[in-house]
Amino acid sequence: MHAIQLTLFILICLFLGLTLFYSIRSRREPDAAKRGLYTARMNICMGLMLVLIAITQIFFFSESSFRRIFGTVLVLIGVFNVFVGIRNHGHFDRQLR
């Protein structure tokens, strides 16, 4: 149980770091297509991070309706971010080729 929690924590920190990295890269990039590509990668990492946080909230803490609702909302936002990020990544990747 602790190994799973530790793994989730490490993955959340990894995706947080990648989100910050791509956020900074996208804000400093003068080319619009590359900026869009970095923003799409940021959205994918942020979505995965939100899904992992939701899994942590839903499964590893005490039973609470607030935690269930909060986790469900985070899953929905995270899945939406991943979907939009993948869609935009494909769009901007085609522009760069």
Side-chain angles (χ1 to χ4, degrees):
M1 184 71 123
H2 291 291
I4 296 172
Q5 288 178 339
L6 181 63
T7 304
L8 286 174
F9 176 74
I10 290 170
L11 286 173
I12 289 169
C13 290
L14 174 73
F15 285 125
L16 175 62
L18 287 172
T19 300
L20 292 173
F21 173 75
Y22 287 126
S23 176
I24 292 169
R25 287 283 305 258
S26 71
R27 293 172 198 274
R28 292 184 178 179
E29 183 62 48
D31 183 29
K34 285 186 180 178
R35 188 177 332 125
L37 193 65
Y38 292 140
T39 303
R41 290 177 184 170
M42 178 191 69
N43 280 339
I44 293 169
C45 292
M46 187 184 308
L48 292 172
M49 179 184 66
L50 288 173
V51 168
L52 290 174
I53 291 171
I55 289 171
T56 303
Q57 289 294 315
I58 291 173
F59 293 115
F60 293 114
F61 289 103
S62 63
E63 296 291 322
S64 168
S65 60
F66 177 74
R67 286 193 190 272
R68 298 279 181 198
I69 293 169
F70 181 70
T72 304
V73 170
L74 284 182
V75 165
L76 293 174
I77 294 171
V79 168
F80 179 75
N81 265 355
V82 170
F83 171 74
V84 169
I86 290 171
R87 185 190 65 188
N88 289 341
H89 193 276
H91 172 76
F92 287 111
D93 191 40
R94 283 188 299 273
Q95 276 188 353
L96 287 173
R97 291 177 191 225

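Values in this document were obtained by computation on a predicted structure and should not be read as measured data.
Phe92 and Tyr22 are not part of a single hydrophobic cluster, where members link through side-chain heavy atoms under 4.5 Å apart. Residues Val75 and Phe9 are members of separate hydrophobic clusters, defined by side-chain heavy-atom contacts under 4.5 angstrom among Ile, Leu, Val, Met, Phe, Trp and Tyr. Follow the hydrophobic side-chain contacts under 4.5 Å out from Val73 and you reach Ile53 in the same cluster. Note on Met42 and Phe21: same hydrophobic cluster, where clusters join Ile, Leu, Val, Met, Phe, Trp and Tyr whose side-chain heavy atoms are under 4.5 Å apart, directly or indirectly.
Between atom CD of residue Gln95 and atom CG of residue Leu37 there is a gap of 10.0 Å, rounded to the nearest 0.5 Å. Of the inter-residue distances, the one linking Phe59 atom CZ with Met1 atom CE reads 10.5 Å to the nearest 0.5 angstrom. For the atom pair CZ (Arg28) and OG (Ser23), the distance works out to 10.0 Å, reported to the nearest 0.5 Å. A distance of 13.5 Å separates CD1 in Ile44 from CE in Met49, rounded to the nearest 0.5 Å. Distance check: Leu50 CG to Leu76 CG gives 11.0 Å after rounding to the nearest 0.5 Å. Rounding to the nearest 0.5 Å places CZ of Arg35 at 7.5 Å from OG1 of Thr39.
A 4.5 Å side-chain heavy-atom check between Leu96 and Lys34 finds at least one atom pair inside the cut-off. Between Phe60 and Leu8, the closest side-chain pair of non-hydrogen atoms falls below 4.5 Å. Looking only at side-chain heavy atoms (C-beta outward), Tyr38 and Arg27 stay at 4.5 Å or farther from each other.
Nearest heavy-atom pair, Gly47 versus Asn81, reported as atom, atom and distance to 0.1 Å: CA-CB, 3.7 Å. Of all non-hydrogen atoms in Gly71 and Ala54, the two that sit nearest each other are O-CB, 3.2 Å.
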Which donor-acceptor pairs under 3.5 Å do side chains of residues 10-19 form with protein atoms, sequence neighbours excluded?
from, atom 1, to, atom 2, distance (Å)
Thr19, OG1, Phe15, O, 2.7
Thr19, OG1, Met46, N, 3.4

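Counting only residues at least two apart or on different chains, the side-chain hydrogen bond (donor to acceptor under 3.5 Å, both in side chains) pairs with a member in residues 67-80 are Gln57-Arg67, Glu63-Arg68.
Grouped with Phe83 in one hydrophobic cluster are Phe80, Val84, the linkage being side-chain heavy-atom contacts under 4.5 Å among Ile, Leu, Val, Met, Phe, Trp and Tyr residues.
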